[in-house]
Amino acid sequence: MTADTRPPTVSEAADWLKRNAAWPEYCRACLRLWKASMGVVAVKQVFDRAPESVRKWINERNAK
(Lines give C-alpha, C1' and ligand atoms only; values in the text may rest on other atoms or scores of the structure.)
Protein backbone atom coordinates (compact mmCIF):
# COMPACT_ATOMS: atom_id res chain seq x y z
CA MET A 1 0.00 0.00 0.00
CA THR A 2 1.32 3.42 -0.88
CA ALA A 3 0.73 6.73 0.84
CA ASP A 4 -1.77 7.64 -1.90
CA THR A 5 -4.08 4.72 -1.18
CA ARG A 6 -6.19 3.81 1.77
CA PRO A 7 -7.96 0.62 2.77
CA PRO A 8 -11.68 0.52 2.07
CA THR A 9 -14.14 1.44 4.76
CA VAL A 10 -16.29 -1.35 6.15
CA SER A 11 -19.24 -0.08 4.08
CA GLU A 12 -17.18 0.14 0.89
CA ALA A 13 -15.80 -3.37 1.37
CA ALA A 14 -19.23 -4.83 2.19
CA ASP A 15 -20.72 -3.19 -0.92
CA TRP A 16 -17.86 -4.57 -3.00
CA LEU A 17 -18.56 -8.09 -1.71
CA LYS A 18 -22.24 -7.70 -2.55
CA ARG A 19 -21.42 -6.62 -6.11
CA ASN A 20 -18.99 -9.53 -6.55
CA ALA A 21 -20.91 -12.29 -4.76
CA ALA A 22 -20.86 -14.38 -7.93
CA TRP A 23 -17.11 -14.91 -7.36
CA PRO A 24 -16.78 -16.03 -3.73
CA GLU A 25 -13.19 -17.21 -4.19
CA TYR A 26 -12.26 -13.66 -5.24
CA CYS A 27 -14.18 -12.27 -2.25
CA ARG A 28 -12.24 -14.59 0.03
CA ALA A 29 -8.93 -13.41 -1.41
CA CYS A 30 -9.94 -9.78 -0.93
CA LEU A 31 -10.94 -10.40 2.67
CA ARG A 32 -7.48 -11.84 3.29
CA LEU A 33 -5.83 -8.77 1.76
CA TRP A 34 -8.11 -6.39 3.65
CA LYS A 35 -7.26 -8.16 6.90
CA ALA A 36 -3.71 -6.84 6.59
CA SER A 37 -4.75 -3.26 5.85
CA MET A 38 -8.04 -2.89 7.74
CA GLY A 39 -7.44 -5.17 10.69
CA VAL A 40 -9.21 -8.25 11.97
CA VAL A 41 -12.11 -6.44 13.65
CA ALA A 42 -13.03 -4.46 10.52
CA VAL A 43 -12.79 -7.53 8.28
CA LYS A 44 -15.05 -9.45 10.67
CA GLN A 45 -17.60 -6.63 10.32
CA VAL A 46 -17.30 -6.82 6.52
CA PHE A 47 -17.69 -10.61 6.58
CA ASP A 48 -20.79 -10.30 8.76
CA ARG A 49 -22.32 -7.96 6.16
CA ALA A 50 -21.35 -10.15 3.18
CA PRO A 51 -24.07 -11.99 1.26
CA GLU A 52 -25.05 -15.33 2.78
CA SER A 53 -23.80 -17.20 -0.31
CA VAL A 54 -20.31 -15.73 0.12
CA ARG A 55 -20.20 -16.44 3.86
CA LYS A 56 -21.36 -20.01 3.28
CA TRP A 57 -18.78 -20.62 0.55
CA ILE A 58 -15.95 -19.22 2.69
CA ASN A 59 -17.04 -21.13 5.81
CA GLU A 60 -17.16 -24.37 3.82
CA ARG A 61 -13.61 -23.80 2.53
CA ASN A 62 -12.34 -22.92 6.00
CA ALA A 63 -13.82 -26.12 7.43
CA LYS A 64 -11.68 -28.27 5.12
Side-chain angles (χ1 to χ4, degrees):
M1 186 179 318
T2 67
D4 295 342
T5 60
R6 63 168 178 78
T9 64
V10 170
S11 294
E12 290 169 340
D15 289 342
W16 190 93
L17 291 180
K18 289 175 187 170
R19 287 192 314 270
N20 292 285
W23 299 282
E25 65 280 356
Y26 189 44
C27 293
R28 183 182 188 200
C30 289
L31 283 166
R32 285 182 176 168
L33 290 172
W34 292 334
K35 184 177 172 184
S37 64
M38 296 173 71
V40 175
V41 172
V43 169
K44 174 71 172 130
Q45 292 171 350
V46 173
F47 182 78
D48 290 344
R49 293 172 58 180
E52 177 62 32
S53 61
V54 171
R55 288 189 314 235
K56 181 180 177 187
W57 190 92
I58 291 172
N59 285 332
E60 287 173 356
R61 295 313 174 277
N62 289 343
K64 291 180 180 180

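Bear in mind the structure is a predicted one, so any value in this text is a computation, not a measurement. The figures that follow rest on heavy atoms only: side chains count, while hydrogens, waters and symmetry mates do not.
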Colleague: List the atom of R28, the atom of N62, and the distance in Å for their closest heavy-atom pair.
Modeller: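 Answer, listing the atom of R28 first, then N62: NH2-OD1, 2.9 Å.
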Colleague: CE/M38 to CD/E12 distance, rounded to the nearest 0.5 angstrom?
Modeller: 8.5 Å
Colleague: Are D48 and K44 within salt-bridge range, i.e. N to O under 4.0 Å?
Modeller: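 The answer is yes: the pair qualifies as a salt bridge.
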Colleague: Under a 4.0 Å N-O cut-off, is there an ion pair linking E52 with R55?
Modeller: yes
Colleague: Is the closest side-chain heavy-atom distance between W16 and P8 below 4.5 Å?
Modeller: no
Colleague: Please answer: with hydrophobic residues joined when any side-chain heavy atoms are less than 4.5 Å apart, are L33 and L17 in the same cluster?
Modeller: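 Not linked; separate clusters.
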Colleague: My understanding is that a hydrophobic cluster links ILVMFWY residues whose side chain heavy atoms are under 4.5 Å apart, including indirect links. Using that, what else belongs to the cluster containing V40?
Modeller: none
Colleague: Measure the spacing between SG of C27 and NZ of K18 and express it to the nearest 0.5 Å.
Modeller: 12.0 Å
Colleague: What's the separation between atom OH in Y26 and atom CG in L31, rounded to the nearest 0.5 Å?
Modeller: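 Going from the OH atom of Y26 to the CG atom of L31 covers 11.5 Å.
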